[in-house]
Amino acid sequence: MFELLVAIHLGDPIKTEDIERWTLLERRLPISQPLTQGLYCNAMLSILVRAGRLQDARSFGMRAISAYQAANHCYLEHFIHLHLADLSIMEGHLRRGRRHRKTAQACLDAWGETYANELEIAEIVDLTLDYETGKFAHIPAQSARLRRSLVKGDSWAEIFNQLGRITVMSVFFTAGRAAALSELEMYQADYAQRHGRLSDALALLEIEIDRLDHLLGGAQQRVAQLDTENLSGPIGTVLLGAVHATFEEAGEQIGEVSGPRAQLNAILRQACGKDAQTRRRLVEQAFWLAVQEGHAAPFLENRDVLSGLGPRLSSARFARGHVQLARMVRATLRTVKECYWLPSTMKVLGINQRQLQVITALQSGATNKEIGRLLGLSEAAVKYHLANLYRATGTNRRGQLLEKIGKLTV
């Protein structure tokens, strides 16, 4: 039992044989002691989430709640609801996540005391809900304080990875690549201090940023170097699924977390590279699915799929008669437009967000035709944007343009 409890706080991969051994441990527990039963189910919940066995994890979570209720220990019960809230959010069941979060707060209020960083962990769950619904600008300001609380107080690998994911992505959307990678370094250092090794899930965040910037040279080799046994949890599978889809290898090694979020990602990835009419049809389908839970993050993380569709989507004709959907579409389009961060040095030259998209695609070595397919533009439109970029930067060749852009983004 002690070994199981310690394993929660280490960042080591969870092996199948360990899970089998710990499962058999239940037969030897004193079943007349509900508190002991609750602690065991609590530990198994955390371990099974790390191992990617989410349905089994939820089952142990519900059993832990029953045991803690029998022991009249609502303080420990509140942690289970936080675990289940975070798990529900990663699956894309945001309403269920909110219900667990509300119940967790009710349990903590009923207990009347806090002992460590309970409030900070609850705040991380709240911020994750904000991120998933497209509200991320305020997250970086809370990052350092919450990260320190996880280093010094209670923490488990998935909640640390969760805070790292939403913070690094929020910094990327609001302050650009360099700031996001700097933030990621701090998270890796603190994760290693707390959990005894670097996080493979956090390492995938750098590749996710590369994917969004179309800079995936060597990414397959970097993914191959990661410990896939330690990427079975929800954060790892979501990030790995995005990378595999980019390489057209979706599902080859690890399947994504099932649920509405995975369905949304599948539709948006299917739309990538399609002609404008097909993309619009698929994106509209994605919005109809997203409105049920209020999702916005999948659109941010697949933002280029919306390229060129803004005017047609913002009219929201496909959402006629559905006020909530029409409002959500317009809000999401505004958020996606704002998530293309422009350095002030580019703004001074008059470079706009569309031209930035062309630049990021150009940095990957794509041809004009490939850039057009990626961004939903005609080849002539790509040439038009390149001509404007040459004029704005005082260059006349691609190599010169990329060199100048590199200096502007330092």
Side-chain angles (χ1 to χ4, degrees), residues 1-90 96-97 99-125 149-162 194-196 230 232-234:
M1 185 71 175
F2 181 76
E3 178 189 28
L4 171 58
L5 293 171
V6 169
I8 296 172
H9 297 281
L10 296 178
D12 298 331
I14 303 301
K15 298 179 180 178
T16 303
E17 53 265 33
D18 288 332
I19 293 177
E20 292 173 353
R21 185 160 47 82
W22 291 328
T23 301
L24 294 174
L25 172 65
E26 184 173 13
R27 301 177 185 176
R28 298 158 57 191
L29 292 176
I31 58 175
S32 61
Q33 297 179 13
L35 190 58
T36 302
Q37 188 75 13
L39 287 169
Y40 167 75
C41 291
N42 187 343
M44 288 300 292
L45 162 64
S46 299
I47 288 296
L48 289 168
V49 168
R50 290 251 309 277
R53 293 169 52 175
L54 305 187
Q55 292 305 317
D56 292 339
R58 180 171 281 106
S59 175
F60 272 101
M62 299 310 295
R63 289 171 56 195
I65 289 171
S66 297
Y68 286 147
Q69 288 176 345
N72 196 28
H73 210 301
C74 55
Y75 173 77
L76 292 176
E77 182 189 345
H78 109 275
F79 276 113
I80 304 301
H81 286 291
L82 289 179
H83 272 286
L84 293 177
D86 190 52
L87 175 56
S88 297
I89 294 166
M90 288 311 300
R96 182 196 295 168
R99 288 196 296 271
H100 279 298
R101 171 66 183 93
K102 184 177 180 180
T103 305
Q105 188 61 49
C107 288
L108 194 59
D109 291 343
W111 188 258
E113 288 186 73
T114 58
Y115 305 100
N117 62 337
E118 303 93 332
L119 298 179
E120 285 81 4
I121 291 175
E123 187 178 350
I124 292 170
V125 174
S149 80
L150 294 183
V151 174
K152 297 178 180 178
D154 194 20
S155 175
W156 57 94
E158 281 300 311
I159 198 70
F160 207 117
N161 286 332
Q162 183 69 283
R194 183 64 176 82
H195 297 288
N230 216 22
S232 299

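Numbers here simply count residues along the sequence, with the first being 1. Heavy atoms only: backbone and side chains are in, while hydrogens, waters and symmetry mates are out. Since we're looking at a predicted model, the values are computed, not measured.
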Do the ring centers of Y75 and Y115 come within less than 6.0 Å of each other?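 Yes, the ring centres sit under 6.0 Å apart.
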Verdict with reasoning, H73 to E77, per side chain to side chain donor-acceptor pair (under 3.5 Å): CA-CA 6 Å; H73 210 301; E77 182 189 345; over 6 Å; no
[X] side chain vs [Y] backbone, donor-acceptor pair below 3.5 Å:
| X | Y | result |
| --- | --- | --- |
| S66 | M62 | yes |
| Y68 | L76 | no |
| R50 | D12 | yes |

May I ask you to test the [X]-[Y] pair for a side-chain heavy-atom distance under 4.5 Å?
| X | Y | answer |
| --- | --- | --- |
| D18 | I47 | no |
| V49 | W156 | no |
| L84 | T103 | no |
| N42 | H83 | yes |
| R53 | S232 | no |
| E118 | D154 | no |

What pair of heavy atoms forms the shortest contact from [X] to [Y], and how long is it?
| X | Y | result |
| --- | --- | --- |
| W111 | N72 | CZ3-O, 4.2 Å |
| A110 | C74 | CB-SG, 4.0 Å |
| V125 | R101 | CG1-CD, 4.1 Å |
| G153 | R194 | O-NH2, 3.1 Å |

Measure the [atom1]-[atom2] distance between [X] and [Y] for me, rounded to the nearest 0.5 Å.
| X | Y | atom1 | atom2 | answer |
| --- | --- | --- | --- | --- |
| S155 | N117 | OG | CG | 8.0 Å |
| L54 | M90 | CG | CE | 9.5 Å |
| L82 | C107 | CG | SG | 9.0 Å |
| I89 | R96 | CD1 | CZ | 11.5 Å |
| E158 | D86 | CD | CG | 7.5 Å |
| T114 | D109 | OG1 | CG | 10.5 Å |

Out of the candidates E113, H81, H78, only one should pair with L108 under the side chain to side chain contact (heavy atoms under 4.5 Å, CB included) rule; please name it.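 The residue from E113, H81, H78 that satisfies side chain to side chain contact (heavy atoms under 4.5 Å, CB included) with L108 turns out to be H78.
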Going through the checks in order, is the salt bridge (charged side-chain N to carboxylate O under 4.0 Å, His left out) test met by E120 and K152? CA-CA 12 Å; E120 285 81 4; K152 297 178 180 178; over 6 Å; no
Please determine whether side chain to side chain contact (heavy atoms under 4.5 Å, CB included) holds for the pair M44 and L4, giving the CA-CA distance in whole Å, both sets of side-chain angles, and the decisive distance to 0.1 Å. CA-CA 8 Å; M44 288 300 292; L4 171 58; 4.1 Å; yes
